Every structure is written in C-alpha cells, then in structure tokens.
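Everything numeric in this text was worked out from a predicted model, so none of it was measured. Excluded from the calculations below are hydrogen atoms, water molecules and symmetry mates; all remaining heavy atoms, backbone and side chain alike, are included.
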Amino acid sequence: MVQATPFLLVLFLALGAHSLPAKKCSLTGRWVNDLGSNMTITAVNENGEFSGSYHTAVTATSNEIKVSPLQGSHKRGPNQRGQPTFGFTVNWSFSDSITVFTGQCFVDDDGKEILRTMWLLRSRVENIKSDWKATRVGPNVFTRL
C-alpha cells in the first residue's frame, strides 16, 4: 500500500484539477493587436461599461496618427463563464471615420488572455454615390502587453 500512495496522490490531483475554476479573462489593461496597434482599457464599472484609448499602427489617411478615445461595454452574467463578449467604438481623433469592434476575451490552454475581434470601419464620403467604398471590415487578435 505504501507504493500505491504516490500513484493515488497524483491521480487525485489530476482528477481534482478539473473542478478548479478556469482563469477569468479581464479586459482591463494594455493590449497589442496583430497589426501593432496599442489599446488601453481602463477599469470596467459594475455595469460592464469601460473606456480607454487606442493608438492605431495603420491608417488609410495621410493625417498624423493620434491616440483616439474608445468607449465600450462587456456582457456580464453567469453565462459568460469568465470569457466575456464585448464591444467598443473608437472615435478617431485624426480622421472622419469611426470603428466599432466586437469580440470575446479568451484564456487559452497556457493561461494567456486573447481578445478575438471583428471590426467595422466607416469613413465619411462626399455623397451617396460613394457609399459603396465607405465601409471596411476585418479581424484583429489582441494579446496582453
């Protein structure tokens, strides 16, 4: 029985690990995306609302890139299970456009937090005939800085 004790201990720990709570993903903090853009999200309030700043690394304008404000909200509740869905809007300080992001905060198998997002950018155009070229869409993956 003495030799079985280490085996039983390892077995107990392995089986018990499944009942440990999963690491929760937190939106608060500094993030970088796959294009090199930086985002900072300040504290999320009790209603799930947050604000912050976004410094893009890419633009279609020749204007000087400036840090721009963001406003957002994340879904709270028992069904989120520590990996919340969220959305935020960036009101670009240096152009006549605005971008909305929607996504989910994940914790991967290594405990690393990742934000998977899709964005929709709307640029101002001169008239309705140019509307076809005013909206762009794409994905971004953010990792914590």
Rounded to the nearest 0.5 Å, what's the gap from CG on L27 to CG on L115? Could you check?
-> 6.0 Å
Pairing residues for S123 by the side-chain hydrogen bond (donor to acceptor under 3.5 Å, both in side chains) criterion, not counting sequence neighbours | none
Here the gap from R30 atom CZ to S53 atom OG, rounded to the nearest 0.5 Å, amounts to 9.5 Å
Spacing of CE belonging to M39 relative to CZ belonging to F101, to within rounding of 0.5 Å = 7.5 Å
For T42, which residues count as a side-chain hydrogen bond (donor to acceptor under 3.5 Å, both in side chains) partner, sequence neighbours excluded?
-> S51
Can you list every pair that meets disulfide (SG to SG under 2.5 Å) and has a residue in residues 28-74, with sequence neighbours left out?
-> none
Quick one: side chain to side chain contact (heavy atoms under 4.5 Å, CB included) partners of D110, sequence neighbours excluded?
-> D108
By the rule that ILVMFWY residues connect when side-chain heavy atoms come within less than 4.5 angstrom, directly or transitively, which residues belong alongside V100?
-> M118, L120, V137
Rounded to the nearest 0.5 Å, how far does CZ of F142 lie from CG of N33?
-> 4.5 Å
Pairs satisfying disulfide (SG to SG under 2.5 Å), at least one member in residues 110-145, at least two apart | none
Which atom pair, heavy atoms only, marks the closest approach of Q83 to V107?
-> OE1-N, 2.7 Å
Between N140 and D34, is a side-chain contact (heavy atoms from CB on, under 4.5 Å) present by the stated rule, with each step listed?
-> CA-CA 6 Å; N140 276 134; D34 45 327; 3.0 Å; yes
Using side-chain hydrogen bond (donor to acceptor under 3.5 Å, both in side chains) as the criterion, list what pairs up with T59, not counting sequence neighbours.
-> none
Sequence neighbours excluded, which residues qualify as ring-ring contact (aromatic ring centres under 6.0 Å, His included) partners of W92?
-> Y54, F94
Under 4.5 Å side-chain linkage, directly or through intermediates, the cluster mates of L145 = V32
Of all the heavy-atom pairs spanning S97 and N91, show the shortest one and how long it is.
-> O-OD1, 4.3 Å
Can you measure from CD1 (I41) to OG (S26) and round to the nearest 0.5 angstrom?
-> 8.5 Å
Considering all heavy atoms of both residues, which atom of S93 and which atom of S68 are nearest to each other, and what is their separation?
-> N-OG, 2.9 Å
May I have the step-by-step check of side-chain contact (heavy atoms from CB on, under 4.5 Å) for T89 and I98, ending in yes or no?
-> CA-CA 7 Å; T89 302; I98 196 162; 3.6 Å; yes
Side chain of Q104, backbone of F86: donor and acceptor closer than 3.5 Å?
-> no
Verdict with reasoning, T85 to H74, per side-chain contact (heavy atoms from CB on, under 4.5 Å) | CA-CA 6 Å; T85 54; H74 85 80; over 6 Å; no
At their closest point, which heavy atom of H55 faces which heavy atom of K66, and how far apart are they?
-> CD2-C, 4.1 Å
Would you find more than 12 non-hydrogen atoms of other residues, nucleotides or ligands less than 6.0 Å from R144 atom CZ?
-> yes
Sequence neighbours left out, what pairs pass disulfide (SG to SG under 2.5 Å) with at least one residue falling in residues 101-145?
-> C25-C105
Decide side-chain contact (heavy atoms from CB on, under 4.5 Å) for R116 and F106; before the verdict, give the C-alpha distance in whole Å, the side-chain angles of both, and the deciding distance to 0.1 Å.
-> CA-CA 8 Å; R116 290 249 179 207; F106 291 103; 4.0 Å; yes
Does W119 share a hydrophobic cluster with F50, counting links as ILVMFWY side-chain heavy atoms below 4.5 Å and allowing steps through other members?
-> yes
Hydrophobic cluster mates of I114, side-chain heavy atoms under 4.5 angstrom, ILVMFWY only, any path?
-> V141
Can you list the residues that meet the side-chain hydrogen bond (donor to acceptor under 3.5 Å, both in side chains) rule with D109, with sequence neighbours excluded?
-> none
Would you please test R122 and D96 for salt bridge (Lys or Arg N to Asp or Glu O under 4.0 Å) and show each step?
-> CA-CA 9 Å; R122 176 67 188 210; D96 290 335; over 6 Å; no
Can you tell me how far CG of L35 sits from OG1 of T56, rounded to the nearest 0.5 angstrom?
-> 7.5 Å
